[in-house]
Engineer: 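Quick one: the structure is below, questions incoming.
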Amino acid sequence: MAGGAREVLTLQLGHFAGFVGAHWWNQQDAALREPANAKLPPSELCPDVLYRTGQTVHGQETYTPRLILMDLKGSLSSLKQESGLYWNKQLDAAIAWQGKLTTHTEELHPKNPYLQDLLSAEGALSDGTWKVKAIPNGKGPTPLTTATTPKPLIPTESIRVWSDFLRVHLHPRSICVIQKYNHDGEAGLLEAFGQGESVLKEPRYLEELDDRLHFFVEECDYLQGFQILCDLHDGFSGVGAKATELLQDEYSGRGIITWGLLPGPYSLQQEPQKNIYRLLNTAFGLVHLSAQSSLVCPLSLGGSLGLRPDPPVNFPHLRYDASLPFHCSAILATALDTVTVPYRLHSSPVSMVQLADMLTFSGRKVVTAGAAIPFPLVPSQSLPDALAQLGGTTPWTPLSACGDMCGTRCFAQSVVLRGLDRACHTSHLTPGTPLPSLLHACTTGEEVLAQYFQQQQPRVRSSSHLLLTPCRVLPPYPRLFSSSLSQQGLIQDDPPTGAAVESIPVLGTLSSSASLNQTLGDLAKELTKLDLRRWASFMDAGVEQGDLEELLQDLHSLAQCYQGGDSLMD
């Protein structure tokens with residue numbers, strides 16, 4: 001491990017979290033394998049923050065995510081629990097036993113047939129050609145050798161489990177399967193917050209998680225903290241609450257940033273019980289996670305956290321199906337890859353604790369996210385041109401199910417813009433030409449961003465980062481982009497026919513927004529209308545009426561943190 005890497009350990013809790021995580025690790029893997037390019041500095045993002053070096057039992061060098069994942073029985077499909085990268089042939093040798101032998105096997109789900117060729121550990125797409133790759137060693141992009149495998153087309157509606165499209169190898173210590181609950185079916189599901197809490201009260205799973213934590217933490221030079229990808233809509237919100245409590249007790253002083261994940265909007269008419277459980281789990285999760293985390297950010301493509309589902313959010317240049325986790329998770333992973341940039345930078349990084357402290361002062365532990373995917377830029381435009389033409393409109397789409405936040409007061413924000421060529425960072429008007437705006441007078445891209453946000457929200461505590469590195473969106477990233485985009489994600493009237501988008505510029509933001517006052521308040525109002533006695537299975541999981549009353553008080557207190565002004569701003 002490179003010295004001073006400022007390592008971060010990721011906990012991935014739940015199946016939708018697995019979808020988001022798989023896309024995110026795939027995007028990072030694609031960026032690591034990017035061929036050397038004179039236009040792109042190779043060290044903007046430090047891969048050693050989230051990845052670790054190691055060796056297999058055969059002495060082979062590896063480069064795997066610093067990751068602990070927990071999911072349910074049946075969710076890993078064809079992914080071996082011990083991970084194929086660390087497979088030991090000797091363990092599969094014939095057993096030298098002369099007596100009778102009875103073997104019991106459980107058949108694995110077959111790997112999605114449309115993904116078998118695409119997701120072989122030896123393949124990567126480059127310039128429309130599938131190329132064979134070796135296992136990375138952490139020293140930089142891995143050399144590729146050309147092969148003739150055609151680029152497959154994926155019917156995304158056939159994808160049911162995240163392990164089918166995960167391209168990166170995992171360490172054996174990464175995988176923790178909760179055997180007492182099923183991923184799918186009609187019985188044995190992890191549906192309620194109390195069930196999730198009880199999982200990590202059992203010595204078996206608590207010791208298993210603790211053992212994995214010690215394994216990854218003890219090899220770090222400087223652990224800056226933990227990031228948690230956690231399902232909010234099901235019982236994994238309870239698993240996340242107990243996990244953050246464990247981390248806070250054992251690793252006090254480290255950053256804990258929690259991303260609470262929600263799949264596409266539910267239909268109240270079609271799934272009333274699931275919708276009620278989603279509301280309860282989300283509320284309990286937000287309150288408990290915010291109490292133990294440095295920062296909590298809900299991520300969803302829905303328009304509301306309440307029982308009445310609002311239409312999914314719209315991206316002008318994306319064509320996605322909100323009912324498909326494969327689509328929703330790809331968009332959220334792209335936003336996640338961007339907003340986490342500040343504590344993953346190679347030079348002048350912001351630590352997780354510093355980022356959280358900037359955003360969560362005065363008890364505002366919950367923040368919102370937003371993103372422009374892709375950031376709208378025409379090849380002939382400069383960044384000042386693109387921002388100036390927005391006028392007063394917000395340049396990103398909200399991703400935290402808090403409704404339309406246009407015109408809503410912001411207390412603090414962190415903004416990342418990535419993937420724009422340096423030549424378009426500033427305006428290059430002919431001398432003597434009148435300046436269209438103050439943005440056109442700036443001499444660096446960083447000044448342009450700072451000036452823009454100063455104009456839009458002059459009293460907001462703001463931090464911004466500008467990177468050249470774009471987001472890579474190679475297969476198995478779904479084809480969500482409109483035909484108006486070039487291969488580099490720029491808006492063109494006449495893009496090359498059949499050219500698939502390979503990378504995109506993205507703008508991502510985290511903000512402490514006054515909209516959370518109404519969002520959290522409305523969540524509490526909906527909960528007051530519920531009679532928990534009608535939902536006996538939720539009560540049986542360990543939640544009592546007194547717990548709900550305490551939850552309502554905590555929600556109201558949290559909502560009040562976002563009400564009115566404060567001395568720093570006013």
Side-chain angles (χ1 to χ4, degrees), residues 1-12 21 23-54 61-68 135-142 167-171 174 216-229 251 254-257 259 294-295 333-358 414-420 422 445-446 463-472 503 505-506 508 510:
M1 176 63 62
R6 302 164 60 88
E7 300 93 345
V8 173
L9 175 57
T10 301
L11 274 66
Q12 180 179 298
H23 277 301
W24 189 21
W25 297 115
N26 287 345
Q27 284 182 296
Q28 294 177 65
D29 182 66
L32 286 173
R33 301 176 192 284
E34 180 73 7
N37 189 327
K39 295 182 180 180
L40 299 179
S43 59
E44 279 188 308
L45 292 175
C46 179
D48 290 336
V49 171
L50 300 180
Y51 279 78
R52 63 179 296 278
T53 56
E61 288 190 343
T62 64
Y63 201 50
T64 54
R66 192 175 293 106
L67 167 70
I68 300 172
I135 295 172
N137 59 14
K139 308 298 184 183
T142 302
R167 282 193 50 197
V168 304
H169 287 294
L170 302 180
H171 191 277
S174 288
F216 285 105
V217 168
E218 289 171 3
E219 68 178 9
C220 293
D221 292 333
Y222 174 74
L223 177 71
Q224 59 169 311
F226 306 86
Q227 56 185 6
I228 301 175
L229 311 184
Y251 303 98
R254 307 296 186 186
I256 304 174
I257 292 184
W259 310 100
S294 308
L295 174 155
T334 301
L336 190 62
D337 192 40
T338 301
V339 298
T340 57
V341 157
Y343 56 85
R344 296 164 51 207
L345 289 172
H346 201 282
S347 61
S348 303
V350 175
S351 72
M352 298 178 75
V353 172
Q354 289 171 331
L355 178 64
D357 286 347
M358 187 198 77
S414 169
V415 181
V416 176
L417 177 58
R418 59 186 303 186
L420 299 187
R422 194 185 301 276
E446 288 79 6
S463 168
S464 60
H465 292 87
L466 184 63
L467 278 71
L468 299 178
T469 308
C471 272
R472 301 291 288 170
S503 64
V506 177
L510 295 175

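For reference, positions follow the sequence shown, starting with 1. It should be emphasised that the depicted structure is a prediction, and the values quoted were computed from it without experimental measurement.
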Engineer: Walk me through whether Phe226 and Ile68 qualify under side chain to side chain contact (heavy atoms under 4.5 Å, CB included).
Structural biologist: CA-CA 11 Å; Phe226 306 86; Ile68 300 172; over 6 Å; no

Engineer: Can you tell me how far the OG1 atom of Thr53 sits from the CZ atom of Arg66, to the nearest 0.5 Å?
Structural biologist: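 Atom-to-atom, Thr53:OG1 and Arg66:CZ are 8.5 Å apart.
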
Engineer: What are the two closest heavy atoms between Cys46 and His346, and how far apart are they?
Structural biologist: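 Where Cys46 meets His346 most closely, the heavy atoms are CB-CD2, 3.7 Å.
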
Engineer: Under the side-chain hydrogen bond (donor to acceptor under 3.5 Å, both in side chains) rule, collect the residues that match up with Ser294, sequence neighbours excluded.
Structural biologist: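 Partners of Ser294 by the side-chain hydrogen bond (donor to acceptor under 3.5 Å, both in side chains) criterion come out as none, since no residue qualifies.
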
Engineer: Roughly how far apart are Thr62 OG1 and Arg52 CZ, rounded to 0.5 Å?
Structural biologist: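 Nearest 0.5 Å value for the OG1-CZ distance: 6.0 Å.
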
Engineer: With no hydrogens and no angle check, is any side-chain donor or acceptor of Gln224 less than 3.5 Å from a backbone partner on Ser351?
Structural biologist: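 Pair absent, no side-chain N/O of Gln224 close to backbone of Ser351.
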
Engineer: Name the orientation class of the two ring planes belonging to Tyr63 and Tyr51 (parallel below 30°, tilted from 30 to 60°, perpendicular beyond 60°).
Structural biologist: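 Because their plane-to-plane angle is under 30°, the rings of Tyr63 and Tyr51 count as parallel.
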
Engineer: When rounded to the nearest 0.5 angstrom, what is the spacing between CZ in Arg33 and CZ in Arg167?
Structural biologist: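 Nearest 0.5 Å value for the CZ-CZ distance: 6.0 Å.
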
Engineer: Check whether any side-chain heavy atom of Thr10 lies under 4.5 Å from a side-chain heavy atom of Trp259, and answer yes or no.
Structural biologist: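 Side chain of Thr10 against side chain of Trp259, heavy atoms only: no contact under 4.5 Å found.
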
Engineer: Would Val350 and Met358 satisfy side chain to side chain contact (heavy atoms under 4.5 Å, CB included), going step by step from the backbone distance to the final call?
Structural biologist: CA-CA 10 Å; Val350 175; Met358 187 198 77; over 6 Å; no

Engineer: Minimum heavy-atom separation for Pro505 and Leu420, please, with both atom names.
Structural biologist: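 For Pro505 versus Leu420, the nearest heavy atoms are CB-CD2, 3.7 Å.
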
Engineer: Going through the checks in order, is the side chain to side chain contact (heavy atoms under 4.5 Å, CB included) test met by Arg344 and Asp337?
Structural biologist: CA-CA 10 Å; Arg344 296 164 51 207; Asp337 192 40; 3.1 Å; yes

Engineer: Within the side chain of Glu7, is there an N or O that forms a donor-acceptor pair under 3.5 Å with the backbone of Tyr222?
Structural biologist: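 Yes, Glu7 side chain to Tyr222 backbone: donor-acceptor pair under 3.5 Å.
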
Engineer: Measure the spacing between CD of Glu44 and OG1 of Thr469 and express it to the nearest 0.5 Å.
Structural biologist: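 Going from CD on Glu44 over to OG1 on Thr469, the span is 3.5 Å.
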
Engineer: Is a side-chain donor or acceptor of Arg418 paired with a backbone partner of Leu468 at a separation under 3.5 angstrom?
Structural biologist: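 Here the side-chain-to-backbone pair does not exist.
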
Engineer: Between Leu223 and Leu9, which heavy-atom pair has the shortest distance, and what is it?
Structural biologist: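 Nearest pair, atom of Leu223 first, then Leu9: CD1-N, 4.1 Å.
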
Engineer: Just verifying a value: how many Å separate Leu45 CG and Leu345 CG, rounded to the nearest 0.5 Å?
Structural biologist: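 Between Leu45 CG and Leu345 CG, I get 6.0 Å after rounding to 0.5 Å.
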
Engineer: What's the separation between atom CG in Leu50 and atom CH2 in Trp24, rounded to the nearest 0.5 Å?
Structural biologist: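 If we round to the nearest 0.5 Å, Leu50:CG and Trp24:CH2 are 5.0 Å apart.
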
Engineer: Does Arg472 use its side chain to pair, donor to acceptor, with the backbone of Asn26 at less than 3.5 Å?
Structural biologist: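 A pair under 3.5 Å: no.
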
Engineer: Using every non-hydrogen atom in the two residues, find where Pro342 and Ser414 come nearest and quote the distance to one decimal.
Structural biologist: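 What the structure gives for the nearest pair is CG-OG, 3.9 Å.
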
Engineer: Between Tyr343 and Gln227, does any side-chain donor sit less than 3.5 Å from a side-chain acceptor?
Structural biologist: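 Side-chain D/A pair, Tyr343 to Gln227: present.
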
Engineer: Search all heavy atoms of Arg254 against all heavy atoms of Gly225 and return the closest pair with its distance.
Structural biologist: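 Answer, listing the atom of Arg254 first, then Gly225: CB-CA, 4.0 Å.
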
Engineer: Does Leu67 offer a backbone N or O that forms a donor-acceptor pair with the side chain of Ser174 under 3.5 Å?
Structural biologist: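 Between the backbone of Leu67 and the side chain of Ser174 there is a qualifying donor-acceptor contact (under 3.5 Å).
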
Engineer: Could you report the tightest heavy-atom contact between Arg6 and Pro349, atom names first, then the distance?
Structural biologist: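 That would be NE-CG, 3.5 Å.
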
